[in-house]
There are 2 protein chains.
Amino acid sequence: MRIGELAARAGTTTRTLRYYESRGLLPARRGDNGYRTYDEDDLRLLRQIRTLQDFGFDLEETRPFVECLRAGHPEGDSCPASLVVYRRKLAELDTLIEQLTSVRAQVAAQLARAEAAVPGGPEPKCELGGHA
Amino acid sequence: MRIGELAARAGTTTRTLRYYESRGLLPARRGDNGYRTYDEDDLRLLRQIRTLQDFGFDLEETRPFVECLRAGHPEGDSCPASLVVYRRKLAELDTLIEQLTSVRAQVAAQLARAEAAVPGGPEPKCELGGHA
DNA sequence: TCTTGCCCTGACGTCGGCGTCAAGGCCTAC
DNA sequence: GTAGGCCTTGACGCCGACGTCAGGGCAAGA
């Protein structure tokens with residue numbers, strides 16, 4: 001399979017695949033004409049990368065998973081190094097969610113305060129002095 | 001007050017202030033020698049910007065707040081345009097937190113599954129075949 | 001006067017993950 | 001043989017919010 005087909009089957013672009021190769025993440029064999037050649041295993045690696053990317057993992061963070069698969073393990077997370085990344089990511093997510101939740105609360109409080117000070121926004125019908 | 005002092009009092013850098021000016025967000029008067037000159041009002045504007053930035057607002061999103069203050073209002077969020085930004089930001093935060101929470105759950109599930117398949121990680125003491 | 005410290009403008013660097021264009025090679029169908 | 005579609009490498013563009021450096025001006029104290 002050539003680069004275009006692999007990209008299409010993984011729902012990505014040839015540019016992305018060349019980028020992964022430049023990062024050493026998904027090297028390719030070459031045919032006689034210099035074209036990159038991939039097989040079904042490469043598709044599995046690529047899908048592993050894409051899944052993690054969709055989860056917000058940095059490209060570097062997907063490396064242990066890819067190497068795990070390449071080492072012959074059944075899943076990308078069948079190796080300790082992958083679990084370490086999982087746990088680190090969970091901690092990052094927890095911290096981030098916590099921060100965002102805090103910010104959300106503060107913004108909501110500011111909004112409530114400002115709306116109270118400047119009415120007419122959420123409640124166009126104001127009972128003060130409306131004689132018409 | 002000159003740019004260095006303003007930066008110091010707001011806990012930021014001169015580069016940042018020049019950047020804000022280049023974006024038209026915080027223009028400065030100039031002294032005879034060409035030096036930027038600021039007053040206490042500018043410090044208030046700058047602190048408004050910084051507060052929102054800390055909340056994760058884009059620089060452009062702080063503009064209504066700054067213009068509101070510059071228009072003479074007591075608070076940056078005393079204007080309808082600022083409230084619109086607040087509400088939009090709240091919606092963005094809700095969406096983002098929801099997504100992150102979903103991802104967190106999926107990652108946690110993957111971790112649990114992988115740990116079950118490959119023990120020895122979290123529980124170094126395994127009761128299987130440990131006769132020593 | 002000379003040094004020190006602040007100021008000025010202009011412009012390139014950073015980071016991640018690619019998009020996009022340029023110039024050309026390979027292969028197939030017509 | 002030629003048009004079209006795939007492939008190749010190389011390299012610049014993008015986004016946001018600045019960091020950092022280069023080269024030079026202005027002001028004040030020793």
Side-chain angles (χ1 to χ4, degrees), chain A residues 1-39 42-43 45-66 85 88-89 92 96 103, chain B residues 1-39 42-43 45-66 85 88-89 92-93 96 100 103:
Chain A
M1 164 173 36
R2 292 181 306 184
I3 196 172
E5 185 182 345
L6 179 62
R9 289 180 65 184
T12 184
T13 67
T14 60
R15 178 68 183 90
T16 296
L17 298 188
R18 294 196 188 96
Y19 177 65
Y20 289 172
E21 182 174 6
S22 78
R23 304 280 84 194
L25 204 59
L26 192 66
R29 281 117 282 164
R30 298 299 180 115
D32 292 343
N33 51 13
Y35 287 11
R36 290 174 178 81
T37 303
Y38 303 91
D39 57 24
D42 291 316
L43 178 58
L45 299 187
L46 180 52
R47 284 188 169 144
Q48 172 73 81
I49 296 171
R50 291 268 102 193
T51 298
L52 294 174
Q53 287 268 83
D54 289 345
F55 280 170
F57 284 54
D58 293 343
L59 207 49
E60 275 309 306
E61 292 179 320
T62 74
R63 197 179 294 274
F65 296 81
V66 174
V85 175
R88 189 159 46 78
K89 197 46 115 181
E92 286 176 12
L96 185 54
V103 166
Chain B
M1 150 175 50
R2 291 182 306 183
I3 195 170
E5 185 183 345
L6 179 61
R9 290 181 64 184
T12 183
T13 67
T14 61
R15 178 68 183 91
T16 295
L17 298 189
R18 293 197 188 95
Y19 177 65
Y20 290 171
E21 182 173 6
S22 78
R23 302 280 84 195
L25 205 58
L26 192 65
R29 280 117 283 162
R30 298 299 180 114
D32 291 343
N33 51 14
Y35 287 12
R36 291 173 177 81
T37 304
Y38 303 90
D39 56 24
D42 291 316
L43 179 58
L45 298 187
L46 179 52
R47 283 187 170 145
Q48 172 73 81
I49 296 172
R50 291 268 101 193
T51 298
L52 294 173
Q53 287 269 81
D54 289 345
F55 279 171
F57 284 55
D58 293 344
L59 206 49
E60 275 310 308
E61 292 178 320
T62 72
R63 196 178 293 275
F65 296 81
V66 176
V85 175
R88 188 158 47 77
K89 194 48 107 182
E92 285 176 12
L93 283 168
L96 185 54
L100 290 176
V103 165

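Just so we're on the same page: letters track the sequence lines, and every chain starts at 1. As the structure is a prediction and not an experimental result, all values here were calculated from the model. FYI, side chains are in, hydrogens and waters are out, and symmetry mates aren't considered; it's all heavy atoms of this structure.
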Selected nucleotide, minimal atom distance to [X] side chain, candidates [options]:
X	options	result
A:R50	C:dC18, D:dC7, D:dC18	C:dC18
A:Q53	C:dC27, D:dG19, C:dC18	C:dC18
A:R15	C:dG17, C:dT20, D:dC18	C:dT20
B:R30	D:dT9, C:dG19, C:dT9	C:dT9
A:Y19	C:dG16, C:dT9, C:dC7	C:dG16
B:R36	D:dC18, D:dG25, C:dT9	C:dT9

Side-chain N or O of A:Y20 less than 4.0 angstrom from OP1 or OP2 on C:dG17?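 No, no such contact exists.
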Rounded interatomic separation in angstrom, taking CG from A:D58 and P from C:dC15: 13 Å
Is there side-chain contact between B:F57 and B:T51, with at least one heavy-atom pair below 4.5 Å?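 A side-chain contact under 4.5 Å is absent here.
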Does A:E92 reach the side chain of A:L96, with side-chain heavy atoms less than 4.5 Å apart? no
Salt bridge (charged side-chain N to carboxylate O under 4.0 Å, His left out) partner of A:E21, chosen from A:R36, A:R15, A:R29: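 That would be A:R36; it is the only one of A:R36, A:R15, A:R29 passing the salt bridge (charged side-chain N to carboxylate O under 4.0 Å, His left out) with A:E21.
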Per the atom types in the model, does the base of C:dG25 pair as donor or acceptor with the side chain of A:Y35 at under 3.5 Å?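 Yes, a donor-acceptor pair under 3.5 Å.
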Have a look at the helix from C:dT1-D:dA30 to C:dC30-D:dG1 and give the angle its two end axes make, five pairs each, rounded to 10 degrees. 40°
Taking the six-membered ring of A:F55 (Phe, Tyr or Trp), confirm whether the NZ or CZ of A:K89 is under 6.0 Å from its centre and within 45° of its axis.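 No - A:K89 does not lie over the ring of A:F55 by the 6.0 Å and 45° rule.
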Please report the interatomic distance CD1(A:I49) to CG(A:L59), rounded to the nearest 0.5 Å. 6.5 Å
Checking B:D39 side chain against B:D42 main chain: does a donor-acceptor pair fall under 3.5 Å? yes
When you match B:N33 and B:T13 each to their closest nucleotide on DNA chain D, which lands nearer the 5' end?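 The 5'-side residue here is B:T13.
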Reading DNA chain C from 5' onward, which residue's closest nucleotide shows up sooner: A:T16 or B:R2?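 Mapping each residue to its closest nucleotide by heavy atoms, the 5'-most match is B:R2.
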